[in-house]
Every structure is written in C-alpha cells, then in structure tokens.
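Working notes, beginning with the structure itself.
This one's a predicted model, so the numbers in the text were calculated from it and none came from an experiment. Each chain gets a letter, A, B and so on, in the order its sequence line appears, and its residues count up from 1.
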Protein chains: 2
Amino acid sequence: MNRTASIKDVATHAGVAVGTVSNVLNYPDRVSERTRERVLRAIDELGFVRNDAARQLRVGHSRTIGLIVLDVGNPFFTSVVRAAEDAAALQGSAVLLGDSGHNAGREANYIDLFQEQRVQGLLISPVGDVSERLDLLRERGVPTVLVDRLADESKFSSVAVDDDAGGYLAARHLLDTGRRRLAFVGGPTSIRQVADRLQGAQRAVKEEPDAALEVLDAEGQTVLAGRSVGDMLVERGGAELPEGIFCANDLLALGVMQSLTMTHTVRIPEDVALIGYDDIDFAVSAVVPLSSIRQPTQLLGRTAIELLSEEVESQNPVHRSVVFTPELVVRQSTAPADAG
Amino acid sequence: MNRTASIKDVATHAGVAVGTVSNVLNYPDRVSERTRERVLRAIDELGFVRNDAARQLRVGHSRTIGLIVLDVGNPFFTSVVRAAEDAAALQGSAVLLGDSGHNAGREANYIDLFQEQRVQGLLISPVGDVSERLDLLRERGVPTVLVDRLADESKFSSVAVDDDAGGYLAARHLLDTGRRRLAFVGGPTSIRQVADRLQGAQRAVKEEPDAALEVLDAEGQTVLAGRSVGDMLVERGGAELPEGIFCANDLLALGVMQSLTMTHTVRIPEDVALIGYDDIDFAVSAVVPLSSIRQPTQLLGRTAIELLSEEVESQNPVHRSVVFTPELVVRQSTAPADAG
DNA sequence: TCGTACCAATGAAACGATTCAATAAACTTC
DNA sequence: GAAGTTTATTGAATCGTTTCATTGGTACGA
C-alpha cells in the first residue's frame with residue numbers, strides 16, 4: 001500500500017504493454033475499446049495517478065504557466081489571476097501562482113522555482129524596474145509576458161491598461177456633468193499609475209477654457225490618507241471647495257467621502273462630485289455609491305495567456321503590446337448637481 | 001541556443017563527471033574547492049538551471065506543498081496563504097496555490113493536478129461536505145491537513161479557529177461595556193461559522209440575567225445586506241434600538257454603521273455599540289473605527305505547515321486538531337457609553 | 001493465393017537528474 | 001616506505017513516463 005502504482009504495474013495488472021497504457025492515457029482512440037476498458041479498470045483498481053515529473057521529463061516541458069503578481073490581496077490582481085487560470089484551463093494548462101509582495105527577493109525566488117519547474121512560460125507583474133532579472137529570462141528563452149506594465153516591444157509582449165485614458169475619462173465625466181473647479185487627489189507621482197492618471201485628467205481639463213485642476217497630495221493610497229485630505233478640504237469650507245474631486249484610487253475616494261459626509265455641511269454629489277479609480281467591491285456599497293473607473297481585469301488575464309501562447313508556439317518571437325482602455329462606471333457620487 | 005543545458009553539458013564543459021556536478025548542487029562540501037568553483041563557473045556560463053522534473057523523478061517526491069483555498073480574494077485566506085508560503089519557504093518547500101472558488105469541480109481539478117505533481121502533502125479548505133474526495137486522498141496516503149475546518153481526528157489533522165469563542169468574546173465585550181439589550185446580525189445559520197458565532201454570543205448573554213439577545217437575519221454577508229438591516233432598525237427608532245449590535249462579519253457591520261450614521265439620529269458608540277468579525281482592513285478606517293474579532297490567520301497558516309510536516313515525517317499517522325482562539329480588537333465603535 | 005493496406009499492440013530507448021559502490025589520490029602513522 | 005585511513009571523483013543504474021519503429025493480425029481487392 002506504500003508506493004503509488006506506476007504505469008508498469010498497470011500494464012502488468014491489465015495484461016498489456018506499457019506503451020498501450022500510455023496510449024490509453026494520451027491517445028484513447030488509438031486503442032481498441034476492449035483493451036481500453038481493461039486498462040481503465042486496472043487504473044481504477046490500483047489507484048494509479050500519472051507521475052507528471054516523468055511525463056514532463058520525457059516531453060521536455062510542463063503543462064504549467066507561472067504567474068507572479070505584486071500582491072494577491074489586491075482585488076485588481078485577484079481578478080486577473082482568476083481570469084488567467086480560467087483561460088489557461090481552457091487550453092489544458094494550469095497556473096502556478098506566486099506572490100512577490102513587491103519584494104524583489106521573493107520575485108527572484110519564484111522566477112528560479114518556475115524555471116526549475118520548466119513552466120511553458122511566465123506572466124509577470126514585475127517589481128520595480130524591468131531589469132536584469134527579466135533580461136536573463138529573455139536570454140534563456142523563457143517566453144514571458146509582462147502584466148500591467150508596458151514593455152519595449154523589441155523585448156517582451158505585454159498587457160496593460162491605459163491609465164492616461166482612465167484619468168481623462170474620469171475628469172471628462174466631471175466636466176460633462178457641469179463641474180469646473182476640479183481637484184486631483186493622489187499619492188506620490190513617482191508611482192507611474194498615479195502620474196499617468198493625473199496627466200490624463202490634465203489633458204481633459206485643458207479642453208475646457210474655464211476649467212481648472214488643483215492637485216492635492218495624499219500621503220499614500222489609503223482610506224486614512226483620503227480622510228486627511230478630506231478634513232483639510234472641510235476646513236477650507238464653502239466656496240473654496242472644488243466642485244469635483246478625482247481620486248487616484250477608490251480607497252482615497254472613500255476616505256474623502258467619509259470626511260466630507262461626516263461633517264454634515266457638504267453634500268455628495270450636490271455640493272461636491274467624487275470619482276475614484278479601480279471600482280473595488282466597496283465602491284458600490286459606499287454611503288454614497290461611488291463612481292469609478294473600472295479596469296478590464298478579466299480581459300487582461302485572458303489576453304496575457306493568449307499572448308503567451310503566441311510566444312510559445314511561434315519560433316521567431318514577434319512581441320505585441322496590448323493596451324486596454326478602462327471603463328467609466330457612473331454611480332450616485334457624480335450625479336449631475338442640478339438633478340440632485 | 002535552444003535547448004537548455006543539462007547536467008551532462010555542465011560536466012563536459014567543466015571537465016568533470018556528472019556525479020560531481022550533482023554533488024556541487026546538493027552536497028557542496030563533498031567536493032574540493034577547486035572543482036566546485038570550476039563547476040559553478042560552467043553552470044554560470046551555460047546558464048544551467050536544474051530540471052526539477054528529473055530530480056523529482058529520481059528522489060520520488062517534490063519539494064512542493066499543495067494549498068487549496070475557497071477564495072484567494074478573501075483577506076482571511078490571503079493572510080493564511082502568505083503565512084503558509086513563508087513557513088514552507090523556511091523548510092525549503094514551495095507552495096502551489098489553488099483557488100477552488102467554492103466550486104467542487106475546480107477543487108477536484110486541483111486535487112488531481114497536485115497529486116500528479118506528487119506534492120509532499122496537501123493543505124485544503126474543502127468545499128462543502130468533507131467527503132469522498134478527501135477519503136480518497138487518505139486511501140492514497142497523501143498527507144493532508146484541513147484548514148479552517150475541524151476534522152475527525154481519526155482521519156485528518158486540522159487547524160481551525162473557535163468561532164463559538166469568538167462569538168462569546170464579542171458579546172461579552174458588549175456586556176462588559178454596559179450594554180444589555182443586544183442584537184446579533186448574521187446570514188443564514190446554515191453556514192457553520194455564523195451558527196457558531198451566534199451560539200457563543202448566546203452563551204455570553206445567558207451569563208447576565210438582565211441581558212437579552214435578539215437575532216436579526218441578514219440576506220447574505222455583504223455591506224448591502226447590513227445596510228438593509230440597519231435601515232430596518234432606524235425605522236424602529238429610539239427606545240426600541242438595541243444597545244449593542246454584534247455582526248457575524250465586518251461587511252455586515254460596516255453596512256449597519258453606514259445606515260445608522262447616515263440618518264443623523266443615532267450615534268455610534270453613544271447610542272448603539274457595534275462590533276464586527278474578521279478585522280478586515282476596512283474596519284480600522286471606517287467612519288467610526290470598528291471593533292472586531294481578529295482571527296490568528298498567520299498562526300493558522302504556519303501551524304498548518306507544521307502539522308503537515310509531522311504527517312510527512314512520521315510513518316504511522318497520529319492526527320492532531322489545533323483550534324485557535326480569536327482575539328478581541330477594541331476600537332471606537334464600542335467605547336463605553338458613559339465615556340462617549 | 002498473394003500483395004497491400006490498415007489497425008492494435010509491443011517494448012526498447014530516451015529524457016535529466018540522484019545515488020552509491022568502486023576507484024584513485026592524498027595523507028597519516030609507525 | 002608500507003599499510004592504513006581519509007578524501008575526492010567517477011560513471012553506471014535508476015526513477016516513470018512518452019515515443020516510435022516494429023510486429024502480428026485482419027480485411028480487401030485482384
């Protein structure tokens with residue numbers, strides 16, 4: 001009862017050759033109905049489970065794809081992961097998931113691990129600079145697709161979302177609903193995403209001669225950081241308040257919302273309209289349901305798998321960069337002022 | 001430049017035998033400094049990466065542990081996963097993560113996949129009834145530890161958190177801060193966790209002759225469900241309101257909080273104290289910071305790995321069930337009424 | 001009846017690592 | 001310097017699959 005049965009045991013037990021058992025497993029129609037059933041019965045009786053290591057050793061590659069994300073706890077990545085898993089399953093692969101936690105060391109560990117596993121390829125949302133680690137992968141010929149990061153097409157394929165377009169969308173929506181004095185609340189612009197969203201917003205504001213955009217720095221991307229920005233605004237009070245606020249993510253927006261609604265002097269959306277970014281689960285269930293920018297995470301995950309398949313199948317690698325445009329989700333927090 | 005280098009290539013390139021290369025990899029001090037360096041240089045020059053399939057085939061088992069959770073998006077599991085990964089890394093193993101998404105089919109797929117990978121063992125937070133699927137694992141002799149689920153010790157080891165104790169803790173805290181008329185807000189008691197938490201709360205209430213506990217059903221475990229319970233309470237109004245509310249999870253509590261604070265007639269914690277369960281990230285950044293019950297997720301993950309190691313190492317399996325007691329986290333939402 | 005074609009089934013070779021008994025080389029010790 | 005001991009290296013055997021050239025059998029047409 002100790003050692004698990006091997007294909008040889010199955011062959012003996014069913015009275016056939018090992019090659020036949022292998023055929024039952026991999027090419028069922030190459031073998032006659034009668035023997036197929038006999039083999040399947042033997043497999044069942046012995047509790048045989050194929051040893052994937054041996055299979056992999058023989059065929060030279062695994063049926064797994066490595067996926068390394070920055071933070072599995074982040075709903076954005078969770079959704080990407082799930083979509084990637086589903087897409088991979090459809091083509092008969094499985095996803096090995098690694099969470100680097102924004103830590104280059106952990107990332108390197110996963111890269112090594114996945115290479116030892118001879119994954120078919122790698123989807124990676126890299127930590128910090130796209131650097132030597134990735135170049136090494138390229139040299140080794142490991143098909144790699146960058147996720148949520150634009151890549152030099154001479155080097156890698158990539159899938160990303162256009163943050164500039166998202167920022168434009170958000171600001172344009174505030175302008176379209178009649179707001180003119182706008183504010184952008186965001187963390188440090190050293191984060192590319194934040195900088196791009198701001199840039200998009202500025203582009204929209206420039207289109208309206210009578211509109212203005214004020215930039216308010218937040219210390220981080222959290223609810224609490226949002227709340228202190230909100231508190232600052234409340235102190236300013238009345239006529240000094242912006243008419244529309246665009247926050248670089250939903251957490252900030254929820255913080256601002258808490259702060260503004262707590263003091264019962266400011267109404268959302270009548271006095272101030274508010275829009276966030278990411279469309280997290282909490283956005284819809286905020287005190288005032290929060291308008292937001294939704295990123296097509298499912299599409300990202302699915303497309304990443306597709307690009308990887310292309311890389312795996314073609315010999316001479318032609319890289320592609322796919323950039324998706326995010327989507328505006330309108331809720332009560334930006335309802336037109338006059339309708340409110 | 002195509003095929004990746006094998007250990008034989010390295011041996012040739014370094015002018016040594018394959019066994020020596022293997023020794024450099026696995027028992028570095030068995031080999032002299034000089035040849036070790038020569039081999040390492042060859043490894044570097046050829047970009048050799050060990051083929052884990054071959055290694056695994058020879059030694060008979062992998063260095064990976066399978067972990068199947070119900071929902072990676074759930075912060076509870078995310079935290080367990082991370083702790084398990086860290087603990088596994090410490091003992092030189094890696095975790096293969098699978099997300100069943102509460103779906104028995106996906107779960108079965110991962111179980112099969114992980115068995116084909118010959119994982120050392122399996123940590124699983126099983127979907128629904130602990131059933132034949134798991135019995136099969138037992139028969140096959142795959143070391144398995146149940147996570148967040150109590151197991152029959154004759155069959156499996158397990159790690160879980162005592163929800164009854166958590167419920168008791170929450171209700172006791174409300175009573176200790178002077179509240180007497182309490183309410184429990186929870187989803188269907190068909191969910192074991194909900195039933196246990198309620199039971200614990202009832203146990204605490206029974207200790208105080210003048211205390212009472214009212215049970216309010218919510219349709220689900222979401223913010224919105226909490227809000228409709230809150231709306232119902234607001235309509236009741238004034239003297240009919242409970243003095244303390246215990247919600248079966250933080251989402252419900254946040255919903256109730258939104259509803260009560262939105263109408264500016266009820267104050268938290270002065271009029272009503274509120275406590276949730278899980279201590280999610282949002283609890284601390286709610287409008288009124290939410291008291292909650294925190295589950296020792298890190299400990300869960302770490303202990304699960306430890307129990308699995310025990311199973312793997314000992315031949316005759318002695319199963320253990322470890323139950324942790326959750327922890328009370330006091331914040332403003334349950335500050336004593338007189339102090340408010 | 002023979003030749004041809006087709007279909008099932010066979011079993012040895014190969015994948016790339018680890019292991020281990022055997023050997024060679026380098027030291028000790030008296 | 002011979003015998004004994006330790007240390008370093010070797011290379012064939014092995015793990016459990018898949019692959020593929022080969023064989024044996026059956027059916028068909030001429």
Nucleotide D/dT17, atom P - distance to CZ of B/R118 in whole Å: 7 Å
Between C1' of C/dG16 and CD of A/Q115, the distance in whole Å: 16 Å
OP1 or OP2 of C/dA9 under 4.0 Å from side-chain N/O of A/T35: yes
Sugar-phosphate, base or nothing in reach of B/N26, heavy atoms under 4.0 Å: sugar-phosphate
Shortest non-hydrogen contact from A/Q56 toward A/R118: OE1-CB, 4.0 Å
Atom of A/I305, atom of A/L123 and distance for their closest heavy-atom approach: CD1-CD1, 3.8 Å
A/V18 vs B/V31, nearer the 5' end of DNA chain D by closest nucleotide: B/V31
Spacing between A/I7 atom CD1 and D/dT14 atom P, to the nearest angstrom: 19 Å
A/E311 side chain to A/S157 side chain, donor-acceptor N/O pair below 3.5 angstrom: yes
B/R55 side chain, from C-beta outward: closest of C/dT18, D/dT17, C/dA9: C/dT18
Proximity to the side chain of B/R58 - top-ranked nucleotide from D/dT17, D/dA13, C/dA9: D/dA13
Value in whole Å for how far the C1' atom of C/dA17 lies from CD of A/Q117: 14 Å
Protein-nucleotide distance (B/N23, atom CG; D/dA8, atom P), rounded to Å: 11 Å
Nearest-nucleotide 5' precedence on DNA chain D, B/V59 against B/D29: B/D29
Whole-Å gap separating P (D/dA13) and NZ (B/K8): 13 Å
Phosphate OP1/OP2 of D/dT18: any A/R50 side-chain N/O under 4.0 Å: yes
Rounded distance [0.5 Å steps], CG in A/L97 versus CD in B/E85: 7.5 Å
Distance below 4.0 Å between B/Y27 side-chain N/O and C/dT19 OP1 or OP2: yes
Sugar-phosphate only, base, or nothing, as touched by A/S22 at under 4.0 Å among non-hydrogen atoms: base
Nearest-Å distance for atom pair CZ/C1', residues B/F48 and C/dG16: 8 Å
Length of the NE2-P vector between B/H61 and C/dA17, whole Å: 17 Å
Where A/P28 and A/V24 come nearest, the two heavy atoms and their spacing: CG-O, 3.6 Å
Sugar-phosphate only, base, or nothing, as touched by B/V16 at under 4.0 Å among non-hydrogen atoms: sugar-phosphate
Touch class at under 4.0 angstrom, heavy-atom based, for B/S32 against every strand present: sugar-phosphate
